[in-house]
Engineer: 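The structure follows.
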2 protein chains.
Amino acid sequence: MENKTPITVVIIEDDETIRNGFTYLINATQNYKVLNSYSNVEDALVNLVHDKPQVILLDIELPGIKGIEAIPKIKNLLPKTYILMLTVYENEDNVFNALTKGASGYLTKSDNTEKIMDAIQEVVDGGAPMSMNIAKIVIKSFHKNQNSPLTKRETEILEQIANGKSRSKIAKQMFIDLETVKSHIKNIYLKLNVHSREDAIKEAKNNKYI
Amino acid sequence: MENKTPITVVIIEDDETIRNGFTYLINATQNYKVLNSYSNVEDALVNLVHDKPQVILLDIELPGIKGIEAIPKIKNLLPKTYILMLTVYENEDNVFNALTKGASGYLTKSDNTEKIMDAIQEVVDGGAPMSMNIAKIVIKSFHKNQNSPLTKRETEILEQIANGKSRSKIAKQMFIDLETVKSHIKNIYLKLNVHSREDAIKEAKNNKYI
DNA sequence: TTTTGTATACCCCATACAGGGGGATTTTGA
DNA sequence: TCAAAATCCCCCTGTATGGGGTATACAAAA
């Protein structure tokens, strides 16, 4: 495989050593080409439309505009570009923020070069590369608490409440009486030690009961 | 690395060829041992407490008790056992159901043996192995629609509504008048073409506006 | 420059809903 | 068979909701 159209990459990373290191390593690899690298988002934004890379390696911890804030701005200019986040800290909020804003993958700088090259290839192939710990964080966010104090029926009802349904609609939909729904809700409030739907939803989500 | 304590595995899979194939391949690998394999969940459940495997390879498409329903039952017996789902169909609902119920990873049967062995190792190391397409589905579930018709403020308010907050609490919390909140909600309903908080939440979630 | 969109705020109205108090009965699973 | 879960019933008060219309200030786009 020689002289195929190379995968084009842009690096946005403030640490010069890392930036130059990645640039060198990627350019030294067959079929990969770093079009440009920037030390901050501001510079990158004015040049990206010209660069039109397939993949952007984006540091999270940047001066000025932070990496996460940059994601929607970049996606706006280049909707088809894949964004891979680079980070040293595996902060949970950052992970979810970056993903909701449109990042396609999430790597840690401690990942070795081979893994990062693989990730670039994988994202171009339509994948979603993540380092091991990030995958763990993501999967863990799905896991529900198996020790919920709520019964099956109570959980069902609380989920409906969290979907904005009124008690009477829940009753109709579950083919039970409004009074039954009220009873369940009373028990839910008792068990969660709350006095409103708002607090019940908050408590249940915090503890991953729903 | 020879004669370390092996990683113990149980396979639950109804296709005999696949079951025996995996059993053979895993046993042929250094430091891995298949304690038992079962063709259905019912048989597995009565023996698992004795087997006490570190990892279970669990097929989704099983006769009788389906793989997904089996997860909480297994987790109940063996809370520390890692469950890796095996599937042929990359069905989105199945993926999320399995993950919420406590599966630690998600592989497709088309993954080659090496990948499956790597996944077993990775999950024991505390990771969350996923095949490429599954990772893509998971990451995509986080992505929000960047073309929301709602303004920033409207989105904020709709998120509060989805958290169960009343209009007056939203007003207090956002330091704006109740009437302003009402105005925003009116506009949200107009834009989403709905007439209730319930439908607004549903519509917004369907389109990933929130 | 004029128009449009956004965020802000105010008024009125009728209905539905929420939360809390007290029960009771039946169904089900261990 | 016995406790937990799910079901249903009555009372009460205060608040929330959805829809009607109007208006202003400001920024951005046409």
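Proteins get letters first, then strands, A, B, ... in listed order; numbering begins at 1 in each.
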Engineer: With a 4.0 Å heavy-atom cut-off, tell me which residues in residues 202-210 of chain B come close to DNA chain C, sorted by residue number.
Structural biologist: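 By residue number: none to list.
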Engineer: From CD1 of Ile161(A) over to P of dC17(C), roughly how many Å is that when rounded to an integer?
Structural biologist: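 Roughly 13 Å, once rounded to whole Å.
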Engineer: Whole-Å distance between dA6(D) P and Ile170(A) CD1?
Structural biologist: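 About 15 Å, once rounded to whole Å.
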Engineer: Base contacts versus sugar-phosphate-only contacts with protein, heavy atoms under 4.0 Å: please encode nucleotides 19-30 of chain D as B, S and - from 5' to 3'.
Structural biologist: BBB---------
Engineer: Taking atom C1' of dT27(C) as reference, at what distance in whole Å does atom CZ of Phe175(A) sit?
Structural biologist: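 For the pair Phe175(A) CZ and dT27(C) C1', the rounded distance is 19 Å.
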Engineer: Would you say a side-chain N or O of Ser168(A) is under 4.0 Å from OP1 or OP2 of dC17(C)?
Structural biologist: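 Affirmative; the distance criterion is met.
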Engineer: With a 4.5 Å heavy-atom cut-off, do Ile60(A) and Ile68(A) have their side chains touching?
Structural biologist: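 Yes, side chains in contact.
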Engineer: Going by the rule side-chain contact (heavy atoms from CB on, under 4.5 Å), which residues pair with Glu156(A) if we only count those two or more places apart in sequence or in a different chain?
Structural biologist: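 Applying side-chain contact (heavy atoms from CB on, under 4.5 Å) to Glu156(A) gives Arg153(A), Met174(A).
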Engineer: Can you tell me how far C1' of dC17(C) sits from CD of Gln160(A), to the nearest Å?
Structural biologist: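 Whole-Å distance recorded here is 17 Å.
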Engineer: Figure out the CE/C1' separation between Met174(B) and dA9(C), and round it to whole Å.
Structural biologist: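 Result: 15 Å.
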Engineer: Atom CD of Glu156(A) to atom P of dA6(D): distance rounded to whole Å?
Structural biologist: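 For the pair Glu156(A) CD and dA6(D) P, the rounded distance is 9 Å.
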Engineer: Can Lys109(B) and Glu13(B) be counted as an ion pair, charged N to O under 4.0 angstrom?
Structural biologist: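 Salt bridge: yes.
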Engineer: Look at Lys144(B) together with Glu159(B) and state whether they make a salt bridge at an N to O cut-off of under 4.0 Å.
Structural biologist: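 Judged by the 4.0 Å cut-off on N to carboxylate O distance, Lys144(B) and Glu159(B) do form a salt bridge.
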Engineer: Among residues two or more places apart or on two chains, list those pairs meeting salt bridge (charged side-chain N to carboxylate O under 4.0 Å, His left out) that have a residue in residues 199-210 of chain A.
Structural biologist: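 Those involving residues 199-210 of chain A are Asp199(A)-Lys202(A).
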Engineer: Atom CD1 of Ile71(A) and atom CD1 of Ile83(A): how far apart are they, to the nearest 0.5 Å?
Structural biologist: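 Ile71(A) atom CD1 to Ile83(A) atom CD1 measures 5.5 Å (nearest 0.5 Å).
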Engineer: Do Val138(B) and Leu99(B) touch side chain to side chain, with heavy atoms closer than 4.5 Å?
Structural biologist: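 Yes, side chains in contact.
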Engineer: Side chains of Asn20(B) and Thr23(B): is there a donor and an acceptor less than 3.5 Å apart?
Structural biologist: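 No, no side-chain donor-acceptor contact under 3.5 Å.
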Engineer: How close or far is atom C1' of dC10(D) from atom CG of Leu178(A), stated in whole angstroms?
Structural biologist: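 To the nearest whole Å, that distance equals 12 Å.
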Engineer: Show me the pairs that pass ring-ring contact (aromatic ring centres under 6.0 Å, His included) and involve residues 77-102 of chain B, at least two apart or across chains.
Structural biologist: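 Non-adjacent pairs meeting ring-ring contact (aromatic ring centres under 6.0 Å, His included): Phe142(A)-Phe96(B).
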Engineer: Taking the side chain as everything from C-beta on, heavy atoms only, tell me whether Leu84(A) gets closer than 4.5 Å to Ile116(A).
Structural biologist: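 The answer is no, as the side chains (C-beta and beyond) never meet within the 4.5 Å cut-off.
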Engineer: Is Lys191(A) salt-bridged to Glu154(A), going by a charged N under 4.0 Å from an acidic O?
Structural biologist: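 So Lys191(A) pairs with Glu154(A) through a salt bridge.
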Engineer: Between the protein and nucleotides 4-7 of chain C, list every N/O to N/O distance that falls short of 3.5 Å.
Structural biologist:
residue: dT6(C); atom: OP2; partner: Lys191(B); partner atom: NZ; Å: 3.4
residue: dA7(C); atom: OP1; partner: Thr151(B); partner atom: OG1; Å: 3.4
residue: dA7(C); atom: OP1; partner: Arg153(B); partner atom: N; Å: 3.4
residue: dA7(C); atom: OP2; partner: Thr151(B); partner atom: OG1; Å: 2.4

Engineer: Starting at atom CG of Asp177(B), determine the distance to atom P of dA16(D), rounded to an integer number of angstrom.
Structural biologist: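 Between P of dA16(D) and CG of Asp177(B): 13 Å.
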